Amino acid sequence: MTVQDRIDDALRTWLWANGVSNAGLAVMRDNELVGSYGYGEMDAAVPAPVASLSKPITAVALMSLIDDGRLRFGSRLYSLPPSFRQSTEPWSNPEWISNISVEQLLRHTSRITFDATDGVAGVPNANSSDVILVRRTLGQGLSTMPVSEVYNNMNYAILGLIIQTITREPYEAFCQQAALAPRGASGVIGAGTRAMGAFGGWEISAADYAMFARAFDPRSRLLSQAAHDFIDARANPQTATASLGVFVVRTASGRNVFHHGSWRSTATTPQQFSSFFAMWDNGISVVVTYDLCLTDAARVALDNTLRQAAYS
């Protein structure tokens, strides 16, 4: 049995166990698509909302600005063009907030704990909502305690606004040109998830996302060495650490990279959806899209089930 068949079987078992009828699956081996599957009313070739799998798209687009010398990992909010601060004021603590760096946002170590995106209630379903969400967030205080990592959608909402500020281009168009097209992929911000933009708004097929995500394999040479160094810098075998829009675990043979996406809100269309991406150190990667929002335990089970199939 091929690895893609094993993964297909494993996913079917997980779907049945968790009451999921509709899903898409793409399987890559050594950066080549070897399996494309549809379950129920979804298909790996049809765009689907991917929730937080949007964050790697944002991160890769932003990395292109770093590679071009237009931005640095160490760039602080105070160093951005004045339009960024003008559009996001008032700041609750200008001294602290102005010192937040691009690296801290990428790694979720900015000390931002308030998440203005919870439910996106009362926020227009529009491209301009990123400014509203960022303003709400920076109007709140930061954590006064040193933190190693606190996952927060708003870190990536801010990064999306930084991309627009630096490039003077719409976020979606720049990401399509800088992150997706160079890797043979296409996608759009969903019509019903425009308010989620840089942290969760993308619609892209599982197959297209798998093509984009080849970038995280150093062998593909679809990301710069600086990007791979950043991904590996804090990776360790014990704990998954946030990096360039993904989580990374160091292994004896290299690294495993993954991210889950999950969303539920009456303010978006659709109102719930989920996704999963993993790239393992044996050259196998998977992308799964499905139309329910499940428990953390179910998401962990999905990761474990597919990883076991990939290595068996």
Side-chain angles (χ1 to χ4, degrees), residues 50 52-88 97-110 112 127-131 133-134 137-138 152-189 196-202 204 209 211-218 220-234 242-246 248 257 259:
V50 295
S52 283
L53 263 62
S54 301
K55 292 181 175 72
I57 297 175
T58 300
V60 169
L62 184 129
M63 189 67 221
S64 72
L65 298 177
I66 293 174
D67 290 335
D68 290 344
R70 303 171 71 183
L71 199 64
R72 295 179 295 107
F73 289 121
S75 295
R76 309 279 175 170
L77 296 191
Y78 71 74
S79 69
L80 298 175
S83 61
F84 178 86
R85 180 162 183 171
Q86 291 165 2
S87 65
T88 59
I97 290 173
S98 66
N99 275 292
I100 293 174
S101 71
V102 167
E103 176 171 0
Q104 290 169 340
L105 295 167
L106 286 167
R107 295 193 187 280
H108 295 282
T109 57
S110 64
I112 293 173
N127 297 340
S128 58
S129 292
D130 55 356
V131 176
L133 295 170
V134 170
T137 297
L138 298 184
N152 192 317
N153 285 326
M154 290 314 302
N155 288 308
Y156 277 74
I158 294 170
L159 289 171
L161 190 54
I162 289 174
I163 288 172
Q164 294 181 78
T165 301
I166 296 296
T167 65
R168 298 185 180 181
E169 295 181 37
Y171 161 81
E172 180 180 15
F174 183 79
C175 288
Q176 288 169 334
Q177 167 226 320
L180 297 180
R183 292 153 186 98
S186 62
V188 298
I189 302 295
M196 299 166 64
F199 67 87
W202 283 90
I204 181 171
Y209 198 93
M211 292 293 289
F212 157 73
R214 293 175 303 151
F216 291 96
D217 185 339
S220 72
R221 300 190 178 184
L222 291 173
L223 275 180
S224 66
Q225 187 58 49
H228 289 294
D229 290 345
F230 184 81
I231 292 169
D232 291 332
R234 298 190 182 182
S243 187
L244 206 67
V246 295
V248 58
V257 175
H259 204 336

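Here the structure is a predicted model, which is why all the values come from computation and not from measurement.
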Spacing of [X] atom [atom1] and [Y] atom [atom2] [to the nearest 0.5 Å]:
| X | Y | atom1 | atom2 | answer |
| --- | --- | --- | --- | --- |
| Arg76 | Asn99 | CZ | CG | 5.5 Å |
| Phe216 | Leu222 | CZ | CG | 10.5 Å |
| Leu244 | Leu106 | CG | CG | 6.0 Å |

request  = Locate the shortest heavy-atom distance separating Pro182 from Ala178; write the atom from each residue and the value.
outcome  =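 Closest approach of Pro182 to Ala178, heavy atoms only: CG-O, 3.6 Å.
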query = Taking all atoms of both residues into account, what is the closest heavy-atom pair of Leu180 and Gly187, and its distance?
reply =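 The pair with the smallest heavy-atom distance is CD1-N, 3.6 Å.
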What residues, two or more places apart in sequence or in another chain, satisfy side chain to side chain donor-acceptor pair (under 3.5 Å) together with [X]?
| X | answer |
| --- | --- |
| Gln86 | none |
| Ser243 | none |
| Asn152 | none |

request  = Please name all residues satisfying side-chain contact (heavy atoms from CB on, under 4.5 Å) with Arg221, sequence neighbours left out, ordered by chain then number.
outcome  =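 Result, side-chain contact (heavy atoms from CB on, under 4.5 Å) vs Arg221: none returned.
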message = Using side-chain contact (heavy atoms from CB on, under 4.5 Å), reason through Leu80 and Arg85 one step at a time and then give a plain yes or no.
response = CA-CA 8 Å; Leu80 298 175; Arg85 180 162 183 171; over 6 Å; no
query = When you look at Leu133 and Met154, which way does the side-chain contact (heavy atoms from CB on, under 4.5 Å) test go after all the steps?
reply = CA-CA 8 Å; Leu133 295 170; Met154 290 314 302; 3.6 Å; yes
task = Evaluate the criterion side-chain contact (heavy atoms from CB on, under 4.5 Å) for residue pair Phe212 and Leu53; output intermediate values, then yes/no.
result = CA-CA 11 Å; Phe212 157 73; Leu53 263 62; over 6 Å; no
task = Mind jotting down which residue pairs meet the salt bridge (Lys or Arg N to Asp or Glu O under 4.0 Å) criterion with at least one end in residues 170-180? Sequence neighbours excluded, please.
result =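 The answer is Glu172-Arg194.
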message = Applying side chain to side chain donor-acceptor pair (under 3.5 Å) as the test, list every pair that has at least one member in residues 174-186; sequence neighbours left out.
response =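 The answer is none; no pair qualifies.
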key: Residue pairs involving residues 53-68 (criterion side chain to side chain donor-acceptor pair (under 3.5 Å); sequence neighbours excluded)   =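 For residues 53-68: Ser52-Lys55, Lys55-Tyr151, Lys55-Asn153, Thr58-Tyr171, Asp67-Ser224.
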Set of ring pair (Phe, Tyr, Trp, His ring centres under 6.0 Å) partners for Phe230, sequence neighbours left out =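 Only Phe73 meet the ring pair (Phe, Tyr, Trp, His ring centres under 6.0 Å) criterion with Phe230.
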message = Going by ring pair (Phe, Tyr, Trp, His ring centres under 6.0 Å), name the residues that satisfy it together with Tyr156, two or more places apart in sequence or in a different chain.
response =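 With neighbours one apart ignored, the set is His108.
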key: salt bridge (charged side-chain N to carboxylate O under 4.0 Å, His left out) partners of Arg214, counting only residues at least two apart   =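 Per chain and number, Arg214 pairs via salt bridge (charged side-chain N to carboxylate O under 4.0 Å, His left out) with no residue.
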inquiry  = Using the salt bridge (charged side-chain N to carboxylate O under 4.0 Å, His left out) criterion, which residues pair with Glu103? Sequence neighbours excluded.
reply    =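 Listed in chain order: Arg107, Arg234.
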task = Could you check Val131, Leu138, Thr137 and say which one makes a side chain to side chain contact (heavy atoms under 4.5 Å, CB included) with Val134?
result =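 Passing option: Leu138.
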Just list the side-chain donor-acceptor pairs under 3.5 Å for residues 158-169, sequence neighbours left out, or say none.
from, atom 1, to, atom 2, distance (Å)
Gln164, NE2, Asp130, OD2, 2.5
Thr165, OG1, Leu161, O, 2.8
Thr167, OG1, Ile163, O, 2.7
Thr167, OG1, Glu169, N, 3.1

inquiry  = Are Val102 and Arg72 packed together at the side-chain level, in the sense that at least one heavy-atom pair is separated by less than 4.5 angstrom?
reply    =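 No, side chains not in contact.
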query = Can you check whether Ile112 reaches Ile100 side chain to side chain, under 4.5 Å on heavy atoms?
reply =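 Contact flag for Ile112/Ile100 side chains = yes.
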